[in-house]
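Each remark here refers to the structure printed beneath this line.
Chain identifiers are assigned alphabetically (A, B, ...) following the order of the sequence lines, protein sequences preceding nucleic acid strands; residue numbering begins at 1 within each chain.
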Amino acid sequence: DAKTTQPPSMDCAEGRAANLPCNHSTISGNEYVYWYRQIHSQGPQYIIHGLKNNETNEMASLIITEDRKSSTLILPHATLRDTAVYYCIVYNYGQNFVFGPGTRLSVLP
Amino acid sequence: EAGVAQSPRYKIIEKRQSVAFWCNPISGHATLYWYQQILGQGPKLLIQFQNNGVVDDSQLPKDRFSAERLKGVDSTLKIQPAKLEDSAVYLCASSARTGGFGELFFGEGSRLTVL
């Protein structure tokens, strides 16, 4: 079973920041938080991952709370092409990526 | 860099027939995965290969599903005989790092409809 809890759906206005929350209250000290997204009719695509510190790349930012029990994926300026299902996954070396149902993000014009 | 290639993209069969899906991972990627994604759900791991050896097949329904990765490159997933509940998208993914510690690269998937 997935170790994370995400809202089933969210809306965001085009051009605004999309903030996608994820709860992982049972995360252990050596487990990472990974985010993937899946655009319709495509395979999942890696976005970002982190352990303790906040992370940023060209696609998104990942904010992890100090107690590591939750995190937020931020798409700073959402576009229509960001409409997708976003998966938050807790992962450690030697484990497998377990995908939950994710959050369906709809970016509205 | 070429991505993960899968074929066929779509397949429609009747129950009790057989079907095979093919995957060619990114060149040099040692780890290969097959996932099953039922409509409205997240992908579920079926089997993981490290080179040509099976690392995890605990969720593979072995009475009807089989997979192989000859020579540690291409892989084939077979279903025989198919059931209605096998209707899903079958996703292949590969990873460069041992144990999959890192980014997974997915193909576009093969959509199976069982009538």
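Scanning both residues, B:L91 and A:G43, for their nearest heavy atoms gives CD2-CA, 3.9 Å. The two residues A:Y87 and B:Q41 have their closest heavy-atom pair at OH-O, 4.0 Å.
Contacts between B:Q6 and chain A at a heavy-atom distance below 4.5 Å are absent for every atom of the residue.
Comparing B:G107, B:G42, B:A93 by how many heavy-atom pairs each has under 4.5 Å with chain A, the most go to B:G42. Your options are A:P44, A:S41, A:G102, and the one with the most heavy-atom pairs under 4.5 Å with chain B is A:P44.
The line from OH of A:Y46 to CZ of B:F105 is 9.5 Å long, rounded to the nearest 0.5 Å. A distance of 10.5 Å separates CD1 of A:I47 from CD of B:E103, quoted to the nearest 0.5 Å.
A:Y32 and A:F99 fall within a single hydrophobic cluster, where Ile, Leu, Val, Met, Phe, Trp and Tyr are joined by side-chain heavy atoms under 4.5 Å apart, directly or via other members. The cluster map of Ile, Leu, Val, Met, Phe, Trp and Tyr, joined by side-chain heavy atoms under 4.5 Å apart, puts B:L45 and B:V89 in the same cluster. In the hydrophobic cluster analysis, where Ile, Leu, Val, Met, Phe, Trp and Tyr join through side-chain heavy atoms closer than 4.5 angstrom, A:V85 is grouped together with A:Y91.
More than 12 heavy-atom neighbours from other residues, nucleotides or ligands sit within 6.0 angstrom of CZ on A:R68. Around atom CG of A:L80, more than 12 heavy atoms belonging to other residues, nucleotides or ligands sit under 6.0 Å away. Around the CZ atom of B:R64, the shell of radius 6.0 Å holds more than 12 heavy atoms that belong to other residues, nucleotides or ligands. Counting heavy-atom neighbours within 6.0 Å of B:K71 NZ, excluding the residue itself, gives a total of 12 or less.
Checking side-chain atoms of A:Y36 against main-chain N and O of B:L104 turns up a donor-acceptor pair under 3.5 Å.
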Working for ring-ring contact (aromatic ring centres under 6.0 Å, His included), residues A:F97 and B:Y35: CA-CA 10 Å; A:F97 285 93; B:Y35 283 82; 8.3 Å; no
